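The sequence lines fix the lettering, A, B, ..., with proteins before strands; numbering per chain opens at 1. It should be emphasised that the depicted structure is a prediction, and the values quoted were computed from it without experimental measurement.
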2 protein chains.
Amino acid sequence: MVQSSPKDGKQRILEAAISLFSKRGFDAVGVREIAKEANVNISMISYYFEGKIGILKAIMNDFHDRYYQMIKNVMDDSLPLEECVGRIIRNLVTFIRTHTDLTMIVLHSLPLDIPEIVKLKANKISKLITELSGLFKRFGLDPDDKVLFSIVGPSLVSSILAHFRFKSVQKNVLNIDFDDEFYEKYTETLTTLFLNGLNGLAVKKPEIGRS
Amino acid sequence: MVQSSPKDGKQRILEAAISLFSKRGFDAVGVREIAKEANVNISMISYYFEGKIGILKAIMNDFHDRYYQMIKNVMDDSLPLEECVGRIIRNLVTFIRTHTDLTMIVLHSLPLDIPEIVKLKANKISKLITELSGLFKRFGLDPDDKVLFSIVGPSLVSSILAHFRFKSVQKNVLNIDFDDEFYEKYTETLTTLFLNGLNGLAVKKPEIGRS
DNA sequence: GTTTGGGTCAAACGATTGTTTGAATATATT
DNA sequence: AATATATTCAAACAATCGTTTGACCCAAAC
């Protein structure tokens, strides 16, 4: 099976789409541009993915496969709570740093006006909630407290996403080197921020909820 | 001067665009749809805004005028630090709750691949940084510590944005009522989270930086 | 009464959108 | 060698994109 490029067409389309969607958004990128970047004929997109939206679905599957595995690996109930949180944040940062484009597409700019996509997203999320609620309990917080859960749940990840979104802008304006050293401090700072924050919530909780 | 609709065409275009851009994104929305929603002829868009992208610029100006004024009003150095932070978060949540569509467009899904837009955004942001760095000092944190600043700065706002982004999804799945009561608890929880987090950073800081 | 100028309109501009077609080519199986 | 299967391709599909045109309406100014 001789190929016109090192990887097969399907994979090249996927990678080209990830890069383009991440930089310019799903709607702003045309299939011709994806095909050109992937060095395939336009019709191959419908051939492999049954349309442009099929690429997005494949991207979501790709992301969640990797993401869920990372989360599952990093959860360790035998570890002390603070160490466990530190580990989670460290792996989370490393993961997003490694798969920045993929993550930004799925966790930041996913189009929520396409029912097809929202439905798929809901399926993927439900598996992750189980893991998160376990961690919640260890802080003495009630995972069934929907309000608290809906506030605290997305805040860590969205903070990290915000950093990566404005990374290229900051690089030019603030002249920061985003090297290993930076991300070491980044991880430590974020861990301190959220560990103290969550402990603060755990202490205050009886005051708000039923004591 | 008789008008075909209560407000003038320019304002109606702006409001229609805010609603549509927020729900479906800048690139996914066509000028014909905006014109239809605003009940004006297509050509009025170029007439008033010099093109589709002109609407986005007007939206950015509209947002930042209101946003900057809110930030400026809420900053009060005479207040105790913790009370000041509480006030900021409360007003921030109220503001975003009131101007959800406007905020989501400008602070979440602004297209960063258009140099014209990025440039305008940079101008708007620089004014806000001054206000933020003053607050930083009050926590005993160094606003010239670019790394720390770039981590902590966007985390609060992005957490709130994440909530509003998935609000409609959560409403259906978790069956939460997003009423005044919810946002009272929301504000309190977020304040506790970040107040403890920032204090934790202030305490730990001498350990990381040069003592 | 004529001119001025802001607002409105249908119609058309060329360019681009995502998708499909049908033939051609290559690989694998029989 | 013949058949079946998978991949590739240029070309065309109808639909939509953002923008512009030139005539038209109408109230205010002269």
- Message: Does C:dG6 have OP1 or OP2 under 4.0 Å away from a side-chain N or O of B:Y47?
- Response: no
- Message: Distance check needed: C:dT8 P versus B:K10 NZ, whole Å only.
- Response: 13 Å
- Query: Heavy atoms, side chains only, cut-off 4.5 Å: are A:L135 and A:C84 in contact?
  - Reply: yes
- Query: Which part of the nucleic acid, if any, lies within reach of A:F49 when heavy atoms closer than 4.0 Å are counted: base, sugar-phosphate only, or nothing?
  - Reply: nothing
- Identify the two heavy atoms, one from A:S133 and one from A:F149, that lie closest to each other, and give their separation to 0.1 Å. CA-CE1, 4.1 Å
- Message: Rounded to whole Å, please give me the gap between CZ in A:R12 and P in D:dT7.
- Response: 12 Å
- Task: Determine the minimum heavy-atom distance between B:Y183 and B:F178, stating which atoms define it.
- Result: CE1-O, 3.7 Å
- Query: Quick one: are B:F21 and B:M104 in side-chain contact, heavy atoms under 4.5 Å?
  - Reply: no
- A:N39 has an atom CG; how far is it from atom P of D:dT7, in whole Å? 17 Å
- Could you state the CG-P distance from B:L20 to D:dG18, rounded to the nearest angstrom? 12 Å
- With sequence neighbours excluded, residues passing ring pair (Phe, Tyr, Trp, His ring centres under 6.0 Å) with B:Y48: none
- Message: What is the separation between atom CE on B:M44 and atom P on D:dT21, rounded to the nearest whole Å?
- Response: 16 Å
Polar-atom pairs under 3.5 Å, protein N or O versus N or O of nucleotides 17-24 of chain C: list them with distances, or write none.
from	atom 1	to	atom 2	distance (Å)
C:dG18	OP1	A:V29	O	3.3
C:dG18	OP1	A:K52	NZ	2.7
C:dG18	OP2	A:V31	N	2.8
C:dG18	N7	A:R32	NH1	2.8
C:dG18	O6	A:R32	NH2	2.7
C:dT19	OP2	A:K52	N	2.8

- Note on the structure: Residue set satisfying side chain to side chain donor-acceptor pair (under 3.5 Å) with B:E131, at least two apart, ordered chain then number -> none
